[in-house]
Amino acid sequence: MRAIRRFTVRPVLPAALAALGELAGNLRWSWHPETQDVFAEVDPGLWESTGRDPVKLLGAVGRERFEELAVDEGFLERLRASRADLEHYLTADRWYQRRVVADGGSGGPGPRAIAYFSPEFGITAVLPQYSGGLGILAGDHLKAASDLGVPIVGVGLLYKHGYFKQSLSREGWQQETYPVLDPDELPISLLREADGTPASISIQMPDGPDLVARVWVASVGRVPLLMLDTDVEGNPEHYVDVTDRLYGGTSEHRLRQELLLGVGGVRALRVHSRITGAPEPEVFHTNEGHAGFLGIERIRELTVAESGPRLDFDTALEVGRASTVFTTHTPVPAGIDRFPRTLVEQYLNDEGGATPGVPTARILALGAEDYVGGDTGVFNMAVMGFRLAQRANGVSKLHGEVSRGMFQGLWPAFDEAEVPIGSITNGVHAPSWVAREVFGLATTQGADGDADDPESFWDAVDRVPGTDVWSVKRTLRQRLVVDARERLCKSWEKRGAAKAELKWIDDALDPDVLTIGFARRAASYKRLTLMMRDPERLKALLLHPERPVQLIIAGKAHPADDGGKKLIQDIVRLSDDPAVRHRIVFLPNYDIAMAKPLYPGCDVWLNNPLRPYEACGTSGMKAALNGGLNLSVLDGWWDEWYDGDNGWAIPTADGVEDIDKRDDLEAAALYDLIENEVTPRFYDLDHDGVPTRWVEMLRHTLKSLGPKVLATRMVRDYVRQLYAPAAINARALNSDYAGARDLAAWKTRVKAAWPEVRVEHVESSGVGDAVEVGATLVVRAFVCLGTLDPADVEVQLVHGRARSDDTLTDTAAVALGLTESYDGGRHRFDGEIPLSRSGPFGYTVRVVPSNGLLTSYAELGVVATA
Ligand SMILES: *Cc1c(COP(=O)(O)O)cnc(C)c1O
């Protein structure tokens, strides 16, 4: 029988236990083991069987048990302490209040609030609103911001089915299921107006009534996360489906989701501030291009909204740009959102579209690939992201570099190195990912988890005895083995095996064998199957009589990616082989719940992407913080922080065009490393049974990588390098919008006058035919600025190493000073530089626009070179 209607009866807690509801209502429990202890005490069996889900736990506990707890003084005391601890966490001053607001950070008080937009957020297994790295990163960003007291508010969507659950068919083919998530059973609450009615936002659609969405709020410690949901009574069916699932459906479906996220997200923020009194964000950060339409909605607010200041488009664009940060996340072209231009024209039509009154042509121009090699038929969300944000970054040094090359077309007049895309390397939220036992090792040595600075943790590393380190690693490996066996068993039952056939699983994996983990999306550049390039060699490593290894593998393929599913099937088939199945396993449904015991339980974390397609990668950071050693291609973060002793670098065959050849070479290098470096070190035990050289490397990993890979380091970098400077610029522009008007007018004037700007003549002295280190180069440049003023530009001496074709590399720019002005817009600029380096040297002179409110000379895209 099927119910005609379903709803969830929320539990009524006895008054004495009200604090349990409050603890369950804030996701801080998900990274706070002491709070989890309190839930476990409510009913240990239910705590496990509900998948450690406080909301489900409280819904399942019977009245009698509650009555017992309500008079259990010991429990009540622990509950009160936990509640008080949460209160303190939520209200006391933290790093941001102490360091940024108090002493002004980099030049002025930090922003009052920052809005962080992302299509997915991976916060806890019980709120499955993520597909992989991007979402986990967004979750870690919010959690670290909360720990630091950074006033962030998250904006995302609530998907009725989340991503998908992965299982396997008998043949090892990926199966997808889409369980329905009931919001009443999730740790979120509906944003309501003062009179109790649900708050909502709406968006004008070209083909029907307005799209309506309600707003859920998840409390991520101190950070509210707003999640828009179109499953609202009154919405036609195809609108209800807008928030059906993550990354599914047609282009049009995706566009609707992104309009909801960007345009609807800004509207939700306004409603949230109106209702709760929360400060309006001063900075908007878009995590990948998907939320880019937020910039269009902000232009609408500033140009045509009833309550807005009614600025012209260009002024509004400057206001929006100054306060927007755009982070690009992938160098893989297929990872970038591109819509048919006609579709965007329809949905953002200035009459019947989502942002009425904003000129369609201007919107289309923002996403146009109007550069060499671009496709004029598409609207590119990343391109719009760069044009709507004054500050942009990649997610590792290498990825910053790759992005500057990839998007150079937007600044064609400048060298790649000058493309205004910086980088902030990702990090991970230690309290979420580090096993309690590992934290314990440090805290017993006096490390302080509440300090602003985690220094005491790295100081503790050398003080922990090797035997303690090794016994904790064994415990964690054992826990992973037990978890993996359970998962294997369930998977085989789903695949149609009878219980009696599964005896072998009791002995699958071994808590004393070197354990290598490999888990990631089955995107082709991640090369899930590189390790089985030579199956015989792999088998020999797995079955080595003295020094065996075992492999634990996991990963989902996008439902539409049959190529990825084939890779999974290849791995599964190999791991089905009775000869090796106790040493290599594929665990279906990689998610946060699986990841938590996986990282701490592995000795080695393997990553072998096709360089340089891994923008950053974060799973290896989580492994490192748990004392795992990385064995990885020098890509993403590993390229930056591998120091020769904190793990292993798999040599790459960059430049080998033949992909098969390249895979062969890199796989062989991987096998060699495992055989000759990794296993001998792991199995070289001292008389206490401790592999001392391994533990030494583990300590070095923690000390060298620990401080860098933290999400708190990442969020501090964002605050100092991007959020605070953006807020300062934004304030300069929009206190009364005069600054923005001036800047927009200045840009228009400079662009119009630029054709007249040229370097007419350069003279130099101080260097003769035989130049030696220590000489000084003196330069006089005669330039014509047309109608521009010398203050509108900077005349630069650009110097560097000269190649045989006279192109300059490793360039630096020195500003020349104005010494004389003549009739007809002509001026002389002088300057000098010492020649401090031997070798081929070259220089040139150029004129670039200059204004204190620009973040880069390249911002206008114009330059005049000698
Ligand atoms: C950390 C994490 C990821 C991202 O890891 P990458 O190294 O970026 O591939 C994906 N899924 C889960 C569940 C994670 O915990």
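We count ligands from 1, going down the list as the structure has it; atoms in each ligand are counted the same way. Computed from a predicted model, the values in this text were never measured in an experiment.
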> Going through the checks in order, is the side chain to side chain donor-acceptor pair (under 3.5 Å) test met by N287 and T327?
Replying inline: CA-CA 5 Å; N287 188 39; T327 301; 5.4 Å; no

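Contact check on R611 versus E666 returns no salt bridge, with no Lys/Arg side-chain nitrogen under 4.0 Å from an Asp/Glu carboxylate oxygen. Taking 4.0 Å as the cut-off between side-chain N and carboxylate O, K473 and D603 do not count as a salt-bridged pair.
Among all heavy-atom pairs drawn from P588 and S167, the shortest one is CB-CA, 4.2 Å.
In this structure, H285 and Y723 have perpendicular ring planes: the angle between them is above 60°, well past the 30° mark.
The ring-ring contact (aromatic ring centres under 6.0 Å, His included) pairs that include a residue from residues 613-643 are W638-Y642, where partners are two or more places apart or lie in different chains.
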For ligand 1, list all ligand N or O to protein N or O distances below 3.5 Å, rounded to 0.1 Å.
| unit_1 | atom_1 | unit_2 | atom_2 | d |
| --- | --- | --- | --- | --- |
| ligand 1 | 7 (O) | T618 | N | 3.1 |
| ligand 1 | 7 (O) | S619 | N | 2.9 |
| ligand 1 | 7 (O) | S619 | OG | 2.5 |
| ligand 1 | 8 (O) | T618 | N | 3.3 |
| ligand 1 | 9 (O) | K526 | NZ | 3.2 |
| ligand 1 | 15 (O) | Y599 | OH | 3.0 |
| ligand 1 | 15 (O) | K622 | NZ | 2.5 |

